[in-house]
Amino acid sequence: MQKVLKKKELNNFIKELMSNYEIIAPVKNGKFEIIKDPSNMELGKITIVPAKEFFLPEGETLIEFKGKKVIKTHPENKKRIIFGMRKCDLNAVKIMDSIIKDENYLSRRKNTILMGIFCEHPDEYCFCNSMELEDYYDLLFYPEDDKYYISVGSEKGKKLVAKLPEAKKEIIRIIKNFKRVPDKSIEKHYRNKIWESDANRCLSCAACTINCPTCTCFEIYDELSPDLKNGTRKRGAASCQLKSFSTVAGGKAFRNSRLARFKQFVYHKIVYYKKRNGRYMCVGCGRCLRACPPKIDWTDTINILTGMKNHDAKRNRVSAKKV
Amino acid sequence: MKKPVVGVFGVSGCAGCMLTMLYEDAFKQLSNFLDLRSFPLIKEDKYTGDFDYVFIEGTVCSDEDIMKLNEIRKRTKKVVAIGSCAALGGVPSAKNFLDQEKVMKLVYPKTNQLKSTLPQPISMHIKVDYSLPQCPPDKKEILEFIQCILTGREFKPYENPVCFECRKKGNKCLLDEGKLCLGPITNGGCNALCPSNKTTCYGCRGPLKEANLKAFINLLKEKGFTKKELHDKMRTFAGLGFGELEEENKTSRWLEN
Amino acid sequence: MMQKETGYLPKRYNIKSVKEMTSDVKLLRVSSKINPLPGQFIEVSIPGIGECPLASCSFNKDYVDILLRNAGNTTSEIFKLKAGDKIYIRGPYGKGFPLETCGKDILLAAGGTGIAPVTSFIEYIEKNRKKFGKITIYFGFRNKDYILLKDKILMWKKKFNIRLTLDQKSPGYLNGFINQLIEKDHPNVENSVAFICGPEIMMKAITKSLNSLGMKNNKIFWSMERRMECGFGNCGRCTIQDVYVCENGPVFRYDFIKPRIENEEHANEVKE
């Protein structure tokens with residue numbers, strides 16, 4: 001049974017939660033941020049930057065060195081709620097859960113409640129319906145007229161809405177998508193030349209992977225204190241789009257070409273992860289496409305490869321831009 | 001361990017790089033481990049012996065500069081070009097792309113006795129072992145470099161684009177906003193200082209080895225930027241820095257049509 | 001089966017001895033009871049400098065041997081350590097050589113520092129000699145001065161069929177690459193399984209020679225080198241397509257890894 005909350009009561013509802021939880025929600029600049037005032041929330045659009053930094057903060061300390069002692073640092077254990085995640089964001093957390101297994105991540109994850117919101121306004125880059133997403137949330141808010149109809153997905157979520165009245169009807173909606181990737185069987189097309197036209201336009205800026213909610217590749221690096229006595233071992237985001245990421249001591253890069261790196265991103269999302277985990281690693285949020293400066297659309301390429309789109313259409317589009 | 005003997009020098013420049021070093025608290029801390037023998041802003045230059053490391057800032061603009069460089073090089077094991085001027089040519093190299101006589105008359109209308117050569121990065125005159133470009137140089141990088149000296153590690157220059165750090169900070173792309181930002185073709189390590197403050201990247205850390213210049217130029221053309229706009233940006237702070245990358249890629253070919 | 005390690009905290013161990021092998025290769029013996037399985041690797045670190053993945057070069061419950069080439073910042077820092085110094089290690093990680101190959105004849109081939117994981121396997125075989133059939137071991141080094149673990153090789157000569165060859169001509173030694181020597185020797189590989197470790201180009205050549213002797217790719221195992229960083233399939237650095245070298249390897253059956261490496265190479269060959 002769904003719970004119901006009047007839209008104008010939302011800010012009060014969030015404010016009440018603030019006494020026990022840190023609240024993280026989308027704000028105006030296209031990011032998720034810790035909010036102190038619910039009126040700063042911006043729930044209308046998908047964020048540009050995903051919420052993964054709240055699970056894998058950039059440059060977090062894994063270990064500290066004090067002289068010869070090695071100390072494990074523990075992450076902050078604040079109880080928190082991330083509100084305003086969409087179906088894509090929520091599924092992305094589930095995918096992160098399947099990849100990252102260290103103590104810091106697990107403890108942050110355990111202390112986080114996922115309070116999602118139905119995505120009313122997907123844009124031209126969204127293709128979540130093509131990615132076989134599942135229902136994954138503690139609470140999910142469906143807006144309808146002047147109310148939110150709230151689906152409960154877990155015991156944790158149930159407690160948060162215990163005081164709210166039960167809904168008299170059930171509202172379940174399906175997200176509209178303009179973009180579709182119906183057939184994703186691209187494994188056999190790995191060596192197809194068409195990928196070169198995408199890779200040739202790629203700037204290797206890593207915007208796609210940094211803004212992807214499921215890209216979690218990282219690097220581990222050490223820092224020394226100025227007195228050279230103490231140090232820290234840290235973790236920061238890495239990217240398969242950078243040559244430095246696959247370079248070994250001595251200088252050899254195993255993904256030396258831009259093409260190899262570009263395909264690593266697409267194939268990891270669509271093929272490799274699925275082979276290992278039975279589902280796509282891409283959640284169809286379209287953030288990589290939005291963030292890409294030359295707007296390379298690999299979903300388009302997939303559609304051409306699988307015969308879902310006319311090959312000439314693509315070729316014309318690319319060559320038209322050359323003029 | 002014997003303290004490494006270190007000197008700081010400048011050829012034609014603004015002394016901004018030296019100031020940056022001085023302003024860094026960590027540098028003061030680290031300088032306890034160094035035998036700092038020469039530093040124009042804080043020390044008289046009387047030392048005539050040899051150096052393990054010398055940091056040089058500024059652009060080579062005169063014959064005196066060249067003599068000074070050669071003299072320092074002879075006494076030094078490792079030379080470090082610090083700042084965009086020393087490493088890439090910096091702002092003064094703009095003269096390379098202009099009509100020499102016009103520039104002379106414009107800057108020094110009354111004298112004709114001034115002798116200045118074409119401004120060049122110090123690497124065009126002496127062997128440079130390490131470069132720490134950026135205008136002004138990055139404090140954290142200087143710190144890391146000195147730590148490398150002290151621990152005997154090999155300094156590894158940053159080799160990812162400015163965009164990588166910029167996106168990690170959650171910034172919106174300035175190219176998307178219609179601005180000419182050199183982030184995708186510029187070597188990072190500055191923690192995307194300019195784009196994080198809504199100013200486009202001027203490439204002051206020099207070209208990215210892995211830059212896809214052709215794709216970048218195509219993108220700029222799509223967005224309606226001109227060759228002059230690109231060159232102006234490339235040559236403001238990076239000086240001659242992008243020249244080689246352009247040469248390698250025969251950029252003009254794509255820029256013309 | 002060991003529980004999967006997922007932490008980044010290394011433990012501190014004592015260095016028992018350091019032996020200089022060549023100008024840029026050393027062998028460190030570390031007192032530790034972690035006893036990696038043959039072919040597994042460990043993350044060796046220097047606080048404040050960094051970590052580096054290294055294959056275990058021993059199979060012993062009281063110590064771990066680490067053979068390392070001075071190739072980067074962390075290794076050059078490890079190079080400065082002496083007997084009695086401390087070193088930090090986490091692991092072991094990865095799947096080693098498949099020990100279910102017991103009962104078979106074993107052909108081992110190692111080039112350069114690729115001798116490290118092969119050594120751990122040989123020491124396992126020594127301790128479990130009855131479980132295996134005929135043992136043939138090929139070693140390849142650049143020249144006389146680059147021969148690693150000479151003492152061990154001399155000792156193994158008494159127990160196993162050792163074939164050592166040098167790239168450069170040197171009196172008293174066989175000359176040529178391992179693949180050429182294998183073709184010349186023409187060993188009977190009917191009941192054999194092969195384990196190879198070395199540069200990829202060398203492993204390819206040896207595989208080709210073994211194929212020509214009639215050995216199938218599903219009987220050949222490669223010990224791969226990539227940049228393993230986290231050690232347990234999280235950081236994504238060491239992937240070859242869908243495979244994590246740290247978690248699924250570093251030892252792979254060649255017929256399994258071959259299409260992946262070939263795809264990787266194909267994508268790298270493109271000209272922009």
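If you're wondering where the values come from, they're calculated on a predicted model, not measured in any experiment. FYI, side chains are in, hydrogens and waters are out, and symmetry mates aren't considered; it's all heavy atoms of this structure. First the proteins, then the strands, lettered A, B, ... as listed; each starts at 1.
Interface with chain B: from residues 56-71 of chain A, residues A:Glu58 qualify, criterion being any non-hydrogen pair under 4.5 Å. Interface with chain A: from residues 163-180 of chain B, residues B:Cys163, B:Phe164, B:Arg167, B:Lys168, B:Lys169, B:Gly170, B:Lys172, B:Cys173, B:Leu175, B:Asp176 qualify, criterion being any non-hydrogen pair under 4.5 Å. Listed by sequence position, B:Lys140, B:Gln147, B:Leu150, B:Thr151, B:Arg153 are the residues of residues 139-156 of chain B in contact with chain A, using a 4.5 angstrom heavy-atom cutoff.
Using a 4.5 Å cut-off between heavy atoms, A:Thr247 makes no contact with chain B at all. Interface residue A:Ile48: only side-chain heavy atoms are found under 4.5 Å from chain B. Interface remark: A:Leu203 contributes backbone and side-chain atoms alike to the contact with chain B (heavy atom separation under 4.5 Å). Only the backbone of A:Ala238 comes within contact range of chain B, judged by heavy atoms closer than 4.5 Å. Looking at A:Asp227, both its backbone and its side chain come within 4.5 Å of chain B, counting heavy atoms on both sides. Heavy atoms closer than 4.5 Å to chain B are found in the side chain of A:Glu223, but not in its backbone.
Around atom CZ of B:Phe97, more than 12 heavy atoms belonging to other residues, nucleotides or ligands sit under 6.0 Å away. More than 12 heavy atoms of other shown residues, nucleotides or ligands fall within 6.0 angstrom of atom NZ in B:Lys223.
Options A:Ser204, A:Cys205, A:Ser244, A:Ser225 differ in how many heavy-atom pairs under 4.5 Å they form with chain B, and the most are formed by A:Cys205.
In this structure, NZ in B:Lys214 is found 13.0 Å from CZ in A:Arg201, a value given to the nearest 0.5 Å. From A:Lys243, atom NZ reaches atom CD of B:Glu159 across 9.0 Å, with rounding to the nearest 0.5 Å.
Partners of B:Asp35 according to the side-chain contact (heavy atoms from CB on, under 4.5 Å) rule, which considers only residues two or more places apart in sequence or in another chain, are B:Lys3, B:Val5, B:Arg37.
In terms of heavy atoms, B:Pro161 sits closest to A:Leu242 at CD-CD2, 3.5 Å.
For A:Arg258 (side chain) and B:Glu210 (main-chain N/O), a donor-acceptor pair under 3.5 Å exists by modelled atom type.
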